[in-house]
Number of protein chains: 2
Amino acid sequence: MSGTAAGTRPARPAGAAPAGADPLAAALRPVRSGNTFEETVQRVLQLIRLGLVREGERLPPERELAERLQVSRVTLREALKVLQDAGRLEIRRGRYGGAFVRQAEQDAPSGDGAELRRRAELLGDRLEDTLLFREVLEVGAAELCAVRDTGGEEERRLRDCLAATAAAGLADYRSQDTRLHLAIAELSGSVSVAAQYAAVRSTVNELLDCIPLLPPNLEHSERQHTELVAAILGGEPDRARAVMREHLAGTAALLRGFLA
Amino acid sequence: MSGTAAGTRPARPAGAAPAGADPLAAALRPVRSGNTFEETVQRVLQLIRLGLVREGERLPPERELAERLQVSRVTLREALKVLQDAGRLEIRRGRYGGAFVRQAEQDAPSGDGAELRRRAELLGDRLEDTLLFREVLEVGAAELCAVRDTGGEEERRLRDCLAATAAAGLADYRSQDTRLHLAIAELSGSVSVAAQYAAVRSTVNELLDCIPLLPPNLEHSERQHTELVAAILGGEPDRARAVMREHLAGTAALLRGFLA
DNA sequence: TTTCATTGGTACAAGGCTATACCTTTGGCT
DNA sequence: AGCCAAAGGTATAGCCTTGTACCAATGAAA
């Protein structure tokens with residue numbers, strides 16, 4: 001028999017790893033990660049975690065949201081219902097009604113890292129994956145951005161985001177920081193980069209929301225943001241990449257520190 | 001009314017872009033890109049396009065494939081049926097049977113780029129996105145790889161892949177090249193990077209299969225592969241990144257050239 | 001005060017996907 | 001020659017998801 005790429009001949013020793021792992025592993029992954037309902041819940045949560053729709057603001061109307069997510073309104077409503085029951089949304093009827101974001105109640109506002117550890121454990125192996133993937137995306141995006149960026153409109157958007165982070169208070173900082181990074185991901189010119197970054201950043205924010213944001217960290221971060229934007233607008237890809245990497249290393253170290 | 005993140009007030013001038021695009025665009029994308037059946041077809045095609053299961057070889061048994069893709073066997077079978085009807089698979093019953101990969105018949109073996117243009121048009125805007133995303137992933141993976149890689153087993157895998165590409169003939173080259181790049185993506189340490197790369201590379205291969213592979217290109221590519229692996233194993237992230245970028249630029253230029 | 005556009009709430013039928021169980025074919029091995 | 005394990009082929013009941021149509025509430029504007 002000539003062809004037998006994946007043939008598990010009569011019996012393969014179950015214990016010994018095939019040395020080189022499964023060559024098909026990269027492609028043979030779940031086509032869907034859960035049912036539509038679950039994924040829809042995560043998508044809506046993503047909007048909130050990224051700070052794209054903030055406390056007190058409302059989501060787009062059900063019909064619009066359902067169409068943009070390519071999901072039936074029924075399924076979307078189930079997702080919204082769950083988030084309402086979880087206290088993350090307040091749903092009001094009638095014109096000028098809608099789904100309004102409510103503050104996530106923090107059971108333990110302390111920075112002892114108990115909640116962080118719980119969520120990190122939930123991620124398991126995917127924590128390291130998330131941090132690495134994030135680095136690849138953001139460093140790559142920063143570099144592309146520095147090479148591409150020329151349009152005046154794009155420059156303005158970056159400057160606006162930077163100004164917003166600089167002006168932001170402690171409560172608002174994570175949100176503005178996310179927007180700045182997301183802007184860079186989008187200005188990379190690749191929709192895929194932006195979309196993947198949104199997903200990954202959502203996970204990161206979920207963790208970051210468990211630890212306190214200190215003014216010194218914030219100031220340090222702001223200096224890096226300034227340099228990053230300068231490098232991008234100045235067309236210095238190498239510098240942009242270096243600054244971005246260092247910037248991310250700070251966050252990663254912070255997380256790892258609290259988890260250690 | 002205070003909260004109105006996405007509120008399209010009574011009537012927004014439909015023509016003028018909101019200057020800064022839709023801030024929710026990155027997160028509000030389709031939850032699913034087609035039905036399970038379609039995505040399953042693409043996944044199986046991916047295995048073939050990546051050369052992970054080559055001509056004459058067979059796919060894993062239906063039951064195993066269905067479980068790994070997290071899809072019901074019924075749906076998987078529908079996908080296989082389509083590929084069988086399309087002449088890409090030959091399905092044989094009985095023990096030692098299975099779904100065997102058949103050679104894709106090339107309607108026009110010429111390198112005139114007609115077929116390439118047709119497929120590129122099908123991709124539309126996503127072509128540029130694909131090339132950019134690929135660059136971000138691969139350059140990032142190469143760098144991570146050079147930083148991380150230490151284990152003897154990993155070193156051996158890279159060397160094996162390199163040797164295989166060097167020994168490969170024209171017919172086999174694309175397959176071996178893909179495996180080498182996929183190995184680098186996997187050795188980056190991030191499952192996400194590897195998975196996304198597999199998807200993107202599958203798209204790229206679909207295009208590359210439309211244009212002829214010339215010995216000069218092959219030789220040039222091989223020299224770069226050698227240098228790339230050397231940089232990775234030597235722990236030189238900057239060099240690894242630079243070589244990878246140049247390597248990819250070659251492919252991109254080739255494609256753009258045929259499309260121009 | 002009345003109107004009415006907008007937005008959430010509900011109902012129902014059709015199609016897609018899954019889980020499970022069982023049948024059929026094939027070819028190496030005894 | 002017959003056995004039988006592994007692989008594809010088939011059938012059915014049930015849940016998930018969708019599309020469509022219509023109802024109900026709300027509050028700004030006339």
Side-chain angles (χ1 to χ4, degrees), chain A residues 1-12 14 30-41 43-44 53 57-85 89-101, chain B residues 1-12 30-44 53 57-85 89-101:
Chain A
M1 154 134 268
S2 67
T4 170
T8 53
R9 285 293 181 77
R12 178 171 62 188
V31 168
R32 345 215 86 167
S33 50
N35 53 35
T36 307
F37 159 69
E38 290 172 53
E39 286 191 49
T40 304
V41 170
R43 270 312 174 79
V44 176
V53 183
E57 293 181 337
R58 73 167 175 185
L59 269 47
E62 288 179 357
R63 290 166 234 262
E64 181 188 338
L65 206 50
E67 179 167 349
R68 296 186 68 169
L69 294 177
Q70 290 281 64
V71 155
S72 81
R73 203 176 142 218
V74 179
T75 302
L76 172 64
R77 280 177 52 73
E78 282 173 23
L80 295 180
K81 178 69 165 53
V82 165
L83 293 174
Q84 181 184 33
D85 291 345
L89 290 178
E90 180 190 338
I91 298 179
R92 294 204 283 265
R93 300 183 60 165
R95 192 175 185 177
Y96 308 102
F100 294 79
V101 175
Chain B
M1 146 139 277
S2 68
T4 171
T8 53
R9 284 296 181 77
R12 177 169 66 186
V31 168
R32 343 216 89 166
S33 49
N35 54 34
T36 307
F37 158 70
E38 290 172 50
E39 286 191 46
T40 303
V41 171
Q42 290 307 315
R43 273 310 176 81
V44 176
V53 182
E57 294 181 336
R58 72 166 175 185
L59 297 173
E62 288 180 357
R63 287 164 236 265
E64 182 189 335
L65 206 52
E67 179 166 350
R68 295 186 69 170
L69 294 177
Q70 291 281 64
V71 154
S72 82
R73 204 176 140 220
V74 178
T75 302
L76 172 64
R77 280 175 53 74
E78 281 172 23
L80 295 181
K81 178 69 164 53
V82 165
L83 293 174
Q84 181 185 34
D85 292 346
L89 291 178
E90 179 191 339
I91 298 179
R92 293 205 284 265
R93 301 183 60 163
R95 193 175 185 176
Y96 309 101
F100 294 77
V101 174

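Below, all heavy atoms of this structure are taken into account, side chains as well, without hydrogens, waters or symmetry copies. Quick caveat: nothing in here was measured; it's all calculated off a predicted structure.
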Whole-Å distance, A/Glu78 CD to D/dT17 C1', equals 9 Å
A/Ile91 atom CD1 is separated from C/dT10 atom C1', nearest whole Å, by 15 Å
Q.
Test your reading of the model: is there a side-chain donor-acceptor pair from B/Arg58 to the backbone of B/Gly97, 3.5 Å cut-off?
A. yes
All heavy atoms of A/Phe37 vs all of A/Val82, minimum pair found to be CZ-CG2, 3.4 Å
- Under 4.0 Å between a side-chain N or O of B/Ser72 and OP1 or OP2 of C/dC17? no
**Prompt:** Should the heavy atoms of other residues, nucleotides or ligands under 6.0 Å from CD of A/Glu39 be counted, would the total exceed 12?
**Reply:** yes
Letter by letter from the 5' end, nucleotides 24-30 of chain D scores (B base, S sugar-phosphate only, - none; protein heavy atoms under 4.0 Å) BBB-S--
Here the distance between atom P of C/dG8 and atom CZ of A/Phe100, to the nearest Å, is 9 Å
Sequence neighbours excluded, the answer for side chain to side chain contact (heavy atoms under 4.5 Å, CB included) partners of B/Arg73 is B/Glu62, B/Arg63, B/Ala66, B/Arg77
- [ ] Decide yes or no on salt bridge (Lys or Arg N to Asp or Glu O under 4.0 Å) for A/Glu64 and A/Arg68, but give the supporting numbers first.
- [x] CA-CA 6 Å; A/Glu64 181 188 338; A/Arg68 296 186 68 169; 3.6 Å; yes
When A/Glu38 and B/Ala99 are each assigned the nearest nucleotide of DNA chain D, the 5'-most assignment goes to B/Ala99
Is A/Thr75 near enough to D/dC16 that one of its side-chain N or O atoms lies under 4.0 angstrom from OP1 or OP2? no
Whole-Å distance, B/Phe37 CZ to C/dT18 P, equals 12 Å
Between CZ of A/Arg58 and P of C/dT6 the distance, given in whole Å, is 12 Å
note: A/Asn35, atom CG; C/dC17, atom P; distance rounded to Å ~ 14 Å
(request) List the steps and the verdict of side chain to side chain contact (heavy atoms under 4.5 Å, CB included) for B/Glu57 and B/Val101. (result) CA-CA 6 Å; B/Glu57 294 181 336; B/Val101 174; 5.6 Å; no
A/Leu65 atom CG is separated from D/dT18 atom P, nearest whole Å, by 13 Å
DNA chain C nearest-nucleotide lookup for A/Arg77 and A/Arg32: closer to the 5′ end is A/Arg77
**Prompt:** Would you say A/Thr40's side chain and A/Thr36's backbone share a donor-acceptor pair under 3.5 angstrom?
**Reply:** yes
From CZ of A/Arg73 across to P of D/dC23 the rounded distance in Å is 14 Å
